[in-house]
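All heavy atoms count here, side chains included; hydrogens, waters and symmetry mates do not. Keep in mind that this is a model prediction, so the values were computed, not measured.
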Amino acid sequence: MERVELHACFGGKQEVWSHASAALGCQMRFAIYLPPQAQAGTCPVLYWLSGLTCTEQNFVTKAGAQRYAAEHGLILVVPDTSPRGEGVADDAKSYDLGQGAGFYVNATQAQWAAHYRMHDYVVQELPDLVEAHFPANGARSISGHSMGGHGALVCALRNPGRYRSVSAFSPIVAPSQVPWGEKALGAYLGPDRSAWQAWDACALVHTATERLPLLIDQGEADEFLSVQLKPHLLSQACAAAGHPLQLRMRPGYDHSYYFVASFIHEHIAHHARALHAP
């Protein structure tokens, strides 16, 4: 591991680290915010998954989350959105496939399978690394935006007991039914659409063995709302499955980090309640 950035921030430290990932077979970067409370003892961790085209930088520079993480004593961990580097498969013609668009799945198709295992990286390898090298106490929650909102929901639903809470901003809730998801899942997992269901939040709520409540904020002025996001599909699925869901439609808000920054304090407070519970 090598630290590549260090900034004082709200009494704590905003760092970026580079490390060799065994799960992804490449060098990866992640951001970590250590609140002032981490100087005296261990703290719980909120993992944030970012959206298409993003790196670890978007959330830490635009969301304003460090202030609230410092107030609540939470470590924030923000991985990159995909494997990167020479030898890592990419689609240079597309922003929504390849590097910058890992979709937090474990790819099975030959072109992608060697590196695109972001689910294993986020759920297992990265927490193991964080808990071995930083003052993290093992309590975890997860959140994300857009493609990362999809990733947060899927990681939580697929791994009962792994996270104390889950939330999302503008998530892709039904990737098997929208163009972004159909393109990515078809490429990474192949043409058998039944295999896609294991990575689709609307399908996973029906088989979930843990009823972890889902908290979602969605802007009503989001340009991707009607074609790519379709939160009503998750509402229908949760109602049918009896899975707890709080979906808050926010008038006037779009898909940007202006939206995330407007409500990130509420999400961090939501996760803090779960993470600090006995």
Query raised in the report: Is the shortest heavy-atom distance from the side chain of Tyr257 to the side chain of Asn58 under 4.5 Å?
Result: yes
Query - Note, Leu46 side chain near Val77 side chain (heavy atom, < 4.5 Å) - result: no
Report task. Using salt bridge (Lys or Arg N to Asp or Glu O under 4.0 Å) as the criterion, list what pairs up with Lys183, not counting sequence neighbours. Result -> Asp96
Which donor-acceptor pairs under 3.5 Å do side chains of residues 267-278 form with protein atoms, sequence neighbours excluded?
residue : atom : partner : partner atom : Å
His267  : ND1  : Ser167  : OG           : 2.8
His267  : NE2  : Asp217  : OD2          : 2.7
His271  : ND1  : Ser165  : OG           : 2.6
His271  : NE2  : Ser167  : OG           : 2.8
His276  : NE2  : His72   : O            : 2.6

Report task. Name the orientation class of the two ring planes belonging to Trp180 and Tyr95 (parallel below 30°, tilted from 30 to 60°, perpendicular beyond 60°). Result -> perpendicular
Query raised in the report: Is there a side-chain contact between His119 and Gln124, using heavy atoms and a 4.5 Å cut-off?
Result: no
Query raised in the report: Can you name the residues that form a side-chain contact (heavy atoms from CB on, under 4.5 Å) with Ala38, not counting sequence neighbours?
Result: Leu34, Pro35, Cys43, Pro135
**Report entry** With sequence neighbours excluded, residues passing side-chain contact (heavy atoms from CB on, under 4.5 Å) with Glu125
**Finding:** His19, Ser21, Ala22, Ala23, Tyr121
Requested in this report: List for me each residue that meets side-chain contact (heavy atoms from CB on, under 4.5 Å) alongside His133, sequence neighbours excluded, and say none if there are none.
Outcome: Met1, Leu129
Query raised in the report: Given side chains that start at C-beta, do those of Tyr116 and Pro83 come closer than 4.5 Å, heavy atoms only?
Result: yes
Query raised in the report: Which residue pairs satisfy the side chain to side chain donor-acceptor pair (under 3.5 Å) criterion with at least one member in residues 97-112, sequence neighbours excluded?
Result: Asn106-Asp120
Query raised in the report: Mind checking whether Val178 and Val173 have side chains closer than 4.5 Å, heavy atoms only?
Result: no
Requested in this report: Could you list the residues that satisfy salt bridge (Lys or Arg N to Asp or Glu O under 4.0 Å) with Arg164, not counting sequence neighbours?
Outcome: none
Requested in this report: Not counting sequence neighbours, list each pair that qualifies as a side chain to side chain donor-acceptor pair (under 3.5 Å) and has a residue in residues 201-212.
Outcome: Arg211-His243
Let me have the donor-acceptor pairs involving side chains of residues 196-203, under 3.5 Å, with sequence neighbours excluded, atom names and distances please.
residue : atom : partner : partner atom : Å
Trp196  : NE1  : Gly190  : O            : 2.9
Asp200  : OD1  : Cys202  : N            : 2.9
Asp200  : OD1  : Ala203  : N            : 3.3
Asp200  : OD2  : Ser176  : N            : 3.1
Asp200  : OD2  : Ser176  : OG           : 2.5

Query raised in the report: Thr61: what forms a side-chain contact (heavy atoms from CB on, under 4.5 Å) with it, not counting sequence neighbours?
Result: Gln57
**Report entry** Residues that Glu15 engages under salt bridge (Lys or Arg N to Asp or Glu O under 4.0 Å), provided they are two or more places apart
**Finding:** Arg3
Report task. Could you walk me through whether Ser18 and Gln27 pass side chain to side chain donor-acceptor pair (under 3.5 Å), step by step? Result -> CA-CA 7 Å; Ser18 175; Gln27 199 74 12; 3.0 Å; yes
Query - Geometric class of the Trp17/Phe134 ring pair [parallel <30°, tilted 30-60°, perpendicular >60°] - result: perpendicular
Query raised in the report: How would you list all residue pairs meeting salt bridge (charged side-chain N to carboxylate O under 4.0 Å, His left out) that involve residues 22-40, not counting sequence neighbours?
Result: Glu5-Arg29, Arg29-Glu56
